[in-house]
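To start, the structure itself, in structure tokens.
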Amino acid sequence: MATRSVVPFGPQHPVLPEPIHLDLVLEDEKVVEAVPSIGFVHRGLEKLVEKKDFHEYVYVAERICGICSFMHGMGYCEAVERIMKVEVPQRAHYLRTIWCEMSRIHSHLLWLGLLADAFGFESLFMQSWRLREKILDMFEVSTGGRVIFSVNKIGGVRKDMDADMLKSFVALFDGMEKELRILSKTFLNDYAVNSRLQGVGFLTKQQAHDFGAVGPFMRASGIDRDTRKLGYAAYPDLDFEPITSDVGDCYARTQVRIKEIFQSFDLIRQAAAKIPDGEIAVPVKGFPDGEHFMRVEQPRGEAIYYVKANGTKFLDRVRVRTPTFANLPAMLETLKGCQLADVPILILTIDPCISCTER
Amino acid sequence: MNVSKSPWLLHYDGSSCNGCDIEVLACLTPVYDVERFGVINTGNPKHADIFLITGGINHQNAQVVRQIYNQMPKPKVVVAVGICACNGGIFKECYNIQGGVDTVLPVDIYVPGCAARPEAIMDGVVKAVALLDQKRKKAAEQPAPDPKEAG
């Protein structure tokens, strides 16, 4: 039997933009077990509800993670709105949907770039991020911020997009779609890329179910589930189907995410065509009393917001279950039996967001 | 030796929300492209001249940050990127945040913002390069340090 050795991976590691530490137990080059230790990014922001009132907490909720900041803010706002039974105007729902899908495009492009960087394809990394900057410009035009927007508030949104802006966005998306088609050809057909992605890190449908994986990681293993189908924001009015693949390897995850970007372009077009006129926010009076579970589909998968209120301006409890937290057990399972050199790619294909996970 | 012509960066995410991290990375990609100035993002502390830290300091990452700093060769400059790295920012009142990076390291440049914009980060790096030059000249004037104490 080969001797076992333990290789530390992280917290500071060239491939990781964020700190996580893994102890990899190896037999020769093969990973037998991976033991994670986390807590490098833990801030304890759930406890801040005791110091910031429920309106102010929207800003904290947005800063759970800078990549899906809009969706974190929205998930929290929707939870409080449901407790307070606030009727959010339909236009605000549509605006939230458009920003959500823009966040998904920017997050998936960011991930494609990081993946390309992990397998050493530097120009593909640069191209993905070049494309991503266009989305950030659109965010800046429509909200004023590049990564943290603060456009959500309880009762609606703070900023409106006029018809001209929506029209120009849709035109820009047409151009981006063409460029993405060229990029996706390299991601999906290139010989060198395929050799790194195909047949690496299998997760079967049964495993994905048993370990409770979520998001594109789960859908790439053949489970047809998307929280957007539950119908929050304007999603009930839009026509889409969850994107799945039956293969369950790194290649399938890449494929699912690329298809999801095209789906997001399509959803924004639908929303821009259907968006009704009217108010973008309603005034909110009083304090919330009660509790609610809100489920939101983020780029990385399903996030759950639990909010408990007691009738005062400070909430009792906010709990966030983030997608990466749900995906970690399944990721550790896929690491078993892979080569040491494939570990970075495998970790990246769950699209880890450590600052969400540790909060 | 003139490191200011091509300073190498090391970026570590303290306990940031990712917002500043992706802006640091965005500086390296085509729209901003700091590589044209000779700046390279490295993962190895022993190759680095400028240490960019995003996010505040907590008990678990304090020793990691210190360790990375000690491994970097002299002269070195520490840049705190984003308001969390400057003084804790919105997370200042969190139970697990000690404060900004200056609670564990001597910080040379503070880049404010939530999230810090790429232009601001680049400005911080440019200032860091000038400071690096000053530190190098100062070190050249002084007598050679005892090798036992050199970090």
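Residue numbers begin at 1 in each chain, while the letters A, B, ... track the order of the sequences.
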Atom group of A:Phe125 that falls short of 4.5 Å from chain B, counting heavy atoms: side chain

Just checking heavy atoms, which of residues 126-136 of chain A are less than 4.5 Å from chain B?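 A:Met126, A:Trp129, A:Arg130, A:Arg132, A:Glu133, listed by number.
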
Are there residues of residues 104-112 of chain A whose heavy atoms fall under 4.5 Å of chain B's heavy atoms? If so, which?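 So the qualifying residues are A:His106, A:Leu110.
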
What residue pairs, at least two apart or across chains, pass salt bridge (Lys or Arg N to Asp or Glu O under 4.0 Å) with a residue in residues 54-66 of chain A? none

Among the options A:Ile64, A:Ile67, A:Ile148, pick out the one with the most heavy-atom pairs lying under 4.5 Å from chain B.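 Ranked by contacts with chain B, first place is A:Ile67.
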
Between A:Lys51, A:Glu46, A:Lys47, which residue shows the highest count of heavy-atom pairs closer than 4.5 Å to chain B? A:Lys51

Measuring from atom CG of B:Asn18 to atom SG of A:Cys68, what distance do you get when rounded to the nearest 0.5 angstrom?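 Going from the CG atom of B:Asn18 to the SG atom of A:Cys68 covers 8.5 Å.
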
If you count heavy atoms of other groups shown closer than 6.0 angstrom to CZ of A:Phe325, is the number above 12?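 For A:Phe325, atom CZ is not crowded (no more than 12 foreign heavy atoms under 6.0 Å).
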
Residues, nucleotides or ligands: over 12 heavy atoms within 6.0 Å of B:Lys92 NZ: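 Atom NZ in B:Lys92 is not packed in, count stays at 12 or less.
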
Interface residues of residues 98-116 of chain B facing chain A - non-hydrogen atoms under 4.5 Å apart: B:Cys114, B:Ala115

If I measure from the heavy atoms of chain A, does [X] come under 4.5 Å with its side chain, its backbone, both, or neither?
| X | result |
| --- | --- |
| B:Leu28 | backbone |
| B:Gln67 | neither |
| B:Thr54 | neither |

Side chains of A:Leu45 and B:Cys17, heavy atoms from C-beta outward: is any pair under 4.5 Å?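 Side-chain contact under 4.5 Å: no.
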
Start with the C-alpha distance between B:Asn58 and A:Arg43, add both sets of side-chain angles, then the distance that settles side-chain contact (heavy atoms from CB on, under 4.5 Å), and finish with yes or no. CA-CA 7 Å; B:Asn58 62 29; A:Arg43 289 152 281 173; 5.7 Å; no

Option that, when pairs with chain A are counted at under 4.5 Å, heavy atom only, ranks first among B:Cys94, B:Gly19, B:Pro118: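 Maximum pair count with chain A is reached by B:Cys94.
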
Pick whichever of B:Thr29, B:Val24, B:Asn61 has the most heavy-atom pairs under 4.5 Å with chain A.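 Heavy-atom pairs under 4.5 Å are most numerous for B:Thr29.
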
Check: B:Tyr95 ring centre within less than 6.0 Å of A:His42 ring centre: yes

